[in-house]
Amino acid sequence: MTKDEVAAILDEIGTLLELQGENAFRTNAYHNAARTVSQLEGDLKEMIAAKTLGDVRGIGEAMLDKITTLVTTGRLKYVEDLRAAVPPGLVEMLRIPGLGPKKAKAMHDQLGIDTIDKLRAACEVGEVAKLKGFGAKTQDKILEGVRFLGTVGNRVRADLARTLGTAVLERLKALPGVTRAELCGSLRRGRETAKDIDILVSSADAKPIMEAFVTAPEVMQVTGHGPTKSSIVATTTVGGTKVVLNADLRVVTDEQFPFALLYLTGSKDHNVRLRQRAIDRGYSLNEYALTGDDGPVPCKTEEDVYAALGLKWVPPEMREDTGEIDLAATGPIPVLVEPGEIRGVFHNHTTESDGSVSLETMAKAAKTLGYEYFGVGDHSQSLTVANGLTPDRVRAQWAEIDALNKKLKGVRILKGTECDILADGSLDFDDDLLAGFDYVVASVHSHFGLSEDEQTERICKALSHPSVTMLGHPTGRLLLRREGYKLNMEKVLQAAAKYGKMIEINAQPDRLDLDWTHVKRAKALGIPLVINPDAHSPEDLEYVPLGVTVARRGWLTKADVFNTRGVAEVMKELERRKRGK
DNA sequence: GCCGTTTTCGGCCCGACTGTTTTCAGTCG
């Protein structure tokens, strides 16, 4: 059982206990443990065997026992009993905005409601409004929420959410009286998907800004409208995709801005740690101020707030409570890699396989973006649906590259391939042809259904091939659409480290694969990471910064990312690898 | 259920908004 599967079950236990009316601190312990497990570095099985899992903060005796049972047997009677005791419809009801475990339980206990259908029916005949603590407005809100199920409240790809958030933000920034304005929350932290948009504005007069927010053209519905905080359901269309998201606006004074920025950026766990640290040092921290015995501590920026707590400033991408606060207290924070430091790209397609423009056009587009080298990585022969290249077409492309390299100035085209990893872990070209490339990106595009062991072994075998330079999109996931193939990532990373291979961070917005949680582990194992746009058109080259964000979330510096090196150094290193060191 | 320089009990971050109620509980972040 994988970390994510274990985490999902711990989360489910927390939710089921909430629906049974259990103490919030106990249910929170399960939700916290779920988050902790999903972000664990290293392999669960190994940690259990080495008896180190119990040392992790938030994993006590009971959690350790349950996780061990899940990992070793794949089952847990405790959760099965809970599932039997709580109707599944009740869990589903929690997805309705404004409806939490207390209300769900009350309706179940008093009206026997255990499905969304029964809930809708009870609202329509006015039964719900009669309950103690409920009323007509609550009932209407629930009905509205039932209708909205499936459109609002779903996570959205971060790049789409950012487009919508930026549109609203720019509108607010243009208003008179606005001093500072920022997108906060998961968008500022660079998460790969977003559940909502958080906007913070500082101004002496909140009212006109609130008004502008709730009447903006993006507004679909106003769900809250107070003096300092308002909430809307916002929508826009991005490249033919309709995006619908909740958006919150907070307006504070400019003195309060750094505290509010810190608070609204999160993560929740990072904030809890900061507040705990504040308490330990005799302060109290909230979204408006840091207050000590002698009154508020003046801070103009986030840096000031961290400094007042004896910490170095933590970049938003690192604020996930995975050790960054301890680091900020004791040592230097790594200087995270920046988009401008990427000097070339390796994994891209042209019309020769499934790209939309020619090699020459792609290379010129790369040069326009300031890249020194453009690596072509068209598909290999087995991937016929993507017009994969046969060996003859590969050699023809090499000739084209040689000719273009004589003609084009300021950008060097590298001879690469995105070579399929076949079902048995062998590669899609013979060894002689593979040895002729400057580098080889090895990727899985078929047989997604293999068992975890088979898939892991297949990929590790491919990594052992001397011509392979890097592993492309390591899990094959498509965010919000398709789970990655089953894989023991720890073993894959161990293999990459053993054979001296690189791992790709695929920057396509629906891939972002390697996931940031594994990026940290890869770095710890000394594996070089490569940020690739997997571009199929010139526009796709602009995905690179999304991959840089993943790298930053994995604490990577310039030195950890191979394509921050210049073309001469890259060629030298690729040559060295081809000679077998 | 977790945790501990207040260590085996008694806390557990803190505040906005809504709707219900009339001082507060529930939800959300």
Side-chain angles (χ1 to χ4, degrees), chain A residues 10-11 13-14 17-19 21-36 54-67 78 93-107 128-142 144-145 152-153 184-189 194-200 206 210 214 222-232 246-252 256 259-260 262-281 283-291 309 321:
Chain A
L10 294 179
D11 222 31
I13 292 174
L17 288 174
E18 280 170 12
L19 286 167
E22 185 52 79
N23 172 311
F25 294 111
R26 185 169 171 227
T27 61
N28 258 335
Y30 280 97
H31 294 304
N32 284 336
R35 240 189 334 269
T36 302
D55 300 338
V56 176
R57 196 188 166 86
I59 308 289
E61 210 175 321
M63 294 294 171
L64 181 62
D65 194 47
K66 290 188 175 71
I67 295 168
Y78 183 68
M93 279 160 58
L94 297 182
R95 289 170 46 221
I96 296 167
L99 183 53
K102 297 273 168 57
K103 286 199 178 117
K105 185 174 190 304
M107 291 190 291
V128 169
K130 291 183 197 156
L131 295 181
K132 186 169 158 50
F134 290 67
K137 284 200 171 175
T138 303
Q139 183 172 274
D140 289 348
K141 217 175 147 189
I142 292 174
E144 185 75 8
V152 182
C184 307
S186 55
L187 284 178
R188 183 162 181 248
R189 297 201 312 280
K195 191 162 67 69
D196 58 15
I197 295 164
D198 295 296
I199 301 175
L200 173 66
M210 284 297 165
V214 298
V222 178
T223 49
H225 190 180
T228 66
K229 179 182 173 181
S230 293
S231 302
I232 60 171
N246 291 307
D248 292 334
L249 170 67
R250 292 285 279 259
V251 182
V252 298
Q256 296 168 332
F259 304 101
L262 190 58
Y263 163 75
L264 281 172
T265 298
S267 65
K268 183 172 177 284
D269 298 323
H270 183 86
N271 286 347
V272 168
R273 283 297 185 92
L274 283 183
R275 288 183 178 192
Q276 191 57 55
R277 187 175 174 92
I279 291 168
D280 292 346
R281 303 185 151 229
Y283 297 108
S284 159
L285 177 64
N286 62 24
E287 61 256 59
Y288 303 117
L290 177 68
T291 313
L309 296 172
D321 190 28

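Naming convention: chains lettered A, B, ... in sequence-line order (proteins, then strands); numbering from 1 in each chain. Hydrogens, waters and symmetry mates play no part in the numbers below; they use all other heavy atoms, side chains included.
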Nearest to the side chain of [X], which nucleotide is it out of [options]?
| X | options | value |
| --- | --- | --- |
| A/Gln276 | B/dC13, B/dT20, B/dT27 | B/dC13 |
| A/Glu287 | B/dG4, B/dA16, B/dC13 | B/dA16 |
| A/Tyr30 | B/dC14, B/dG1, B/dC13 | B/dG1 |
| A/Pro101 | B/dT27, B/dG15, B/dT20 | B/dT27 |
| A/Thr228 | B/dG19, B/dC17, B/dC2 | B/dC17 |
| A/Lys102 | B/dG19, B/dG26, B/dA16 | B/dG26 |
| A/Lys141 | B/dG1, B/dG19, B/dG29 | B/dG19 |
| A/Tyr78 | B/dC13, B/dG1, B/dG26 | B/dG1 |
| A/Arg57 | B/dG4, B/dT20, B/dG1 | B/dG4 |

Integer angstrom distance from the [atom1] of [N] to that of [M]:
| N | M | atom1 | value |
| --- | --- | --- | --- |
| B/dT22 | B/dC17 | P | 23 Å |
| B/dT5 | B/dG1 | C1' | 24 Å |
| B/dT21 | B/dG26 | P | 13 Å |
| B/dG15 | B/dG10 | P | 25 Å |
| B/dT20 | B/dC28 | P | 16 Å |
| B/dC2 | B/dC13 | C1' | 16 Å |
| B/dT23 | B/dG29 | P | 30 Å |
| B/dG11 | B/dT6 | P | 15 Å |

When we call it a touch if two heavy atoms are under 4.0 Å apart, what does [X] touch: a base, just sugar-phosphate, or nothing?
| X | result |
| --- | --- |
| A/Lys268 | base |
| A/Ala24 | nothing |
| A/Ser231 | nothing |
| A/Leu274 | nothing |
| A/Ile279 | sugar-phosphate |
| A/Asp196 | sugar-phosphate |
| A/Arg250 | sugar-phosphate |
| A/Asn271 | nothing |

Could you tell me how far apart [X] ([atom1]) and [N] ([atom2]) are, to the nearest whole angstrom?
| X | N | atom1 | atom2 | value |
| --- | --- | --- | --- | --- |
| A/Lys105 | B/dA25 | NZ | P | 17 Å |
| A/Leu99 | B/dT20 | CG | C1' | 16 Å |
| A/Tyr283 | B/dC13 | OH | C1' | 18 Å |
| A/Asn28 | B/dC3 | CG | P | 14 Å |
| A/Asp140 | B/dT20 | CG | C1' | 14 Å |
| A/Glu22 | B/dC2 | CD | P | 13 Å |
| A/Lys229 | B/dG29 | NZ | C1' | 6 Å |
| A/Phe25 | B/dC2 | CZ | P | 15 Å |

Original post:
Any side-chain N or O of A/Arg275 less than 4.0 Å from the OP1 or OP2 oxygen of B/dC13?
Top reply: no

Original post:
Under 4.0 Å between a side-chain N/O of A/Thr138 and OP1 or OP2 of B/dT20, yes or no?
Top reply: yes

Subject >> Modelled atom types, side-chain donor and acceptor of A/Tyr30 and A/Lys66, under 3.5 Å >> reply: yes

**OP:** Check whether the side chain of A/Tyr263 and the base of B/dG29 form a donor-acceptor pair under 3.5 Å.
**Re:** yes

**OP:** May I ask you to decide whether A/Arg275 forms a salt bridge with A/Glu287, counting only side-chain N to carboxylate O separations under 4.0 Å?
**Re:** yes

**OP:** Could you check A/Leu131 against A/Gly98 and say which one's nearest nucleotide on DNA chain B is further toward the 5' end?
**Re:** A/Leu131

Original post:
Toward the 5' end of DNA chain B, which comes first, A/Leu285 or A/Met210, by nearest nucleotide?
Top reply: A/Leu285

When you measure from the side chain of [X] to the backbone N and O of [Y], does any donor-acceptor pair fall under 3.5 Å?
| X | Y | result |
| --- | --- | --- |
| A/Thr36 | A/Asn32 | yes |
| A/Arg189 | A/Thr265 | yes |
| A/Arg277 | A/Leu309 | yes |
| A/Gln139 | A/Ala129 | yes |
| A/Asn271 | A/Tyr263 | yes |

**OP:** Show your reasoning for whether side-chain contact (heavy atoms from CB on, under 4.5 Å) applies to A/Ile142 and A/Val128.
**Re:** CA-CA 9 Å; A/Ile142 292 174; A/Val128 169; 4.3 Å; yes

Original post:
Taking a pair as Watson-Crick or G-U wobble with both distances under 3.5 Å, which nucleotide is matched to B/dT8?
Top reply: none

